[in-house]
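Below, chain A is the first sequence line, B the second, and so on; all start at residue 1. Just so it is clear, the model here is predicted, and its values are computed rather than measured.
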2 protein chains.
Amino acid sequence: MAHTTTHHSDDLAQRLADSGLRNTPQRELVYQSILARRDHPTAEEIFARVKAEMPTISLATVYNCLETLIECRLVRAVHFERASTRYCPNLVPHAHFHDSKTGVTHDIDLPEELLAALKKLLPEGYTADMIDITYHGRGAEKPEKLKD
Amino acid sequence: MAHTTTHHSDDLAQRLADSGLRNTPQRELVYQSILARRDHPTAEEIFARVKAEMPTISLATVYNCLETLIECRLVRAVHFERASTRYCPNLVPHAHFHDSKTGVTHDIDLPEELLAALKKLLPEGYTADMIDITYHGRGAEKPEKLKD
DNA sequence: CAAAAACTTAGAATCATTCTAAGAAGAGGG
DNA sequence: CCCTCTTCTTAGAATGATTCTAAGTTTTTG
Ligand SMILES: [Mn+2]
Ligand SMILES: [Mn+2]
Ligand SMILES: [Zn+2]
Ligand SMILES: [Zn+2]
């Protein structure tokens, strides 16, 4: 897989350059801390993770970096009710399943055809830039088989 | 249409009674103010409308009444990003179209088949109590034909 | 190097919502 | 009718996530 391997830090460097922004250690660290796991951390959770590596970083900077990452389209903001915003590094169009028992959030891939069907529900002349879909429910009770 | 006509205030009285709650003038007024229009007002907007009729009502009471109406399933809370919660009297399953230019919110009816298709995307063992769908985009630019 | 621009930071401010504590209103039993 | 218990309403304080402010740092440019 030689040179075709893409490093996420390269993505970041590239996107920041494209937007005329600087690639700072804080931005790098905040971005990596979101990529590291497939959970959907809040700003406070990211702050806690990042602080372990860079104890001087501030919560304000975490918020600033997150805003930058969203502008650069490397991270997506996710909202459940009015709870703290969560941040998601999965850039393919997907829905979110919010487990009301555990509070855990899973990504649900959305087939192109389903998005098309949703767009067909709109009245003449309406265009949707994005469609936000959130499931609220419960995940499997039993421990999952032996996949993953 | 004789006696079959349902008055919304009867709905309210019934639901409150079912839940062992009292039917107060404040609850009645808050409910009517939401039913009166198909917009999706915020608590502050409802407060303003209701205050015109009952100048002594408090914002806390509006929030309390809204919570009660939601418990009684007569009103639905709607969230866009982290903006103020909006309240919707449309009880059939529907999505929301949020016009990013005007800020106006429209209801979009959801066919049963589409909800079924969405539920089929969930992994084994996952159940969704509810699915929240929000479109973000722009409505028709031109003035609508001559309907409505 | 000097100056300008972009960033980071701590703490204050904001804003929607919830909480608290006290008073008002309604239901029921005598 | 009173009395008492419970439910409601109310004003204002508290909360919590996020944004703003103002001052220092770092980076880039000339
Ligand atoms: Mn400071
Ligand atoms: Mn008070
Ligand atoms: Zn996600
Ligand atoms: Zn609605």
Check: Nearest of dA10(C), dA11(D), dT9(D) to any side-chain atom of N64(B)?
Finding: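 Closest of the options to the side chain of N64(B): dT9(D).
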
Note to self: Closest-nucleotide mapping onto DNA chain D: is C65(B) or E67(A) further toward the 5' terminus? I mean the 5' end.
What the structure shows: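 On the 5' side of the pair lies C65(B).
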
Identify the pairs formed between an N or O of the protein and an N or O of nucleotides 15-18 of chain D at a distance under 3.5 Å, and give each distance.
{"unit_1": "dT18(D)", "atom_1": "OP1", "unit_2": "T85(A)", "atom_2": "N", "d": "2.7"}
{"unit_1": "dT18(D)", "atom_1": "OP1", "unit_2": "T85(A)", "atom_2": "OG1", "d": "2.6"}
{"unit_1": "dT18(D)", "atom_1": "OP2", "unit_2": "Y63(A)", "atom_2": "OH", "d": "2.4"}
{"unit_1": "dT18(D)", "atom_1": "O5'", "unit_2": "Y63(A)", "atom_2": "OH", "d": "3.4"}

One thing to verify: whether [Y] and [X] come together as a salt bridge, which I'm taking to mean a side-chain N less than 4.0 angstrom from a carboxylate O.
{"X": "E45(B)", "Y": "R86(B)", "value": "yes"}
{"X": "D11(A)", "Y": "R27(A)", "value": "no"}
{"X": "D99(B)", "Y": "K101(B)", "value": "no"}

Next item on the list: Could you check whether the rings of H98(A) and F80(A) sit parallel, tilted or perpendicular, using 30° and 60° as the cut-offs?
Entry: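 Aromatic pair H98(A)/F80(A) classed tilted.
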
Check: Do H106(A) and Y126(B) have their ring centres less than 6.0 Å from each other?
Finding: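 Yes - the distance between ring centres of H106(A) and Y126(B) falls below the 6.0 Å cut-off.
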
Rounded to the Å, how far apart are [X] [atom1] and [N] [atom2]?
{"X": "I57(A)", "N": "dT25(D)", "atom1": "CD1", "atom2": "P", "answer": "17 Å"}
{"X": "E81(A)", "N": "dA16(C)", "atom1": "CD", "atom2": "P", "answer": "18 Å"}
{"X": "E28(A)", "N": "dC7(C)", "atom1": "CD", "atom2": "P", "answer": "14 Å"}
{"X": "L16(A)", "N": "dT28(D)", "atom1": "CG", "atom2": "C1'", "answer": "16 Å"}
{"X": "M54(B)", "N": "dA25(C)", "atom1": "CE", "atom2": "C1'", "answer": "13 Å"}

Can you give me the N/O atom pairs linking the protein to nucleotides 2-8 of chain D at distances under 3.5 Å, or say none if there are none?
{"unit_1": "dT6(D)", "atom_1": "O2", "unit_2": "R22(B)", "atom_2": "NH2", "d": "3.1"}
{"unit_1": "dT7(D)", "atom_1": "O4'", "unit_2": "R22(B)", "atom_2": "NH2", "d": "3.1"}
{"unit_1": "dT7(D)", "atom_1": "O2", "unit_2": "R22(B)", "atom_2": "NH1", "d": "3.2"}
{"unit_1": "dC8(D)", "atom_1": "OP1", "unit_2": "R22(B)", "atom_2": "N", "d": "2.6"}
{"unit_1": "dC8(D)", "atom_1": "OP1", "unit_2": "R27(B)", "atom_2": "NH1", "d": "3.1"}
{"unit_1": "dC8(D)", "atom_1": "O5'", "unit_2": "R27(B)", "atom_2": "NH1", "d": "3.4"}

Margin query: If you compare every side-chain N and O of S58(A) against the phosphate oxygens of dT9(C) (OP1, OP2), does one of them come in below 4.0 Å?
Written below: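 For dT9(C), OP1/OP2 do have a side-chain N/O of S58(A) under 4.0 Å.
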
Note to self: What I want to check is whether the side chains of D107(A) and H96(A) have a donor and an acceptor closer together than 3.5 Å.
What the structure shows: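 The answer is yes; a qualifying pair exists.
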
Margin query: If I compare all heavy atoms of I34(A) with all of C88(A), which pair ends up nearest, and what's the gap?
Written below: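 Smallest heavy-atom distance, with atoms named: CG2-C, 4.5 Å.
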
Next item on the list: Would you name the heavy atoms of I108(B) and P123(A) that are closest together and state the gap between them?
Entry: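 The answer is CD1-CD, 4.0 Å.
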
Below 3.5 Å, can you tabulate the donor-acceptor pairs from side chains in residues 129-137 of chain A to any protein atom, sequence neighbours excluded?
{"unit_1": "Y135(A)", "atom_1": "OH", "unit_2": "L118(B)", "atom_2": "O", "d": "2.6"}

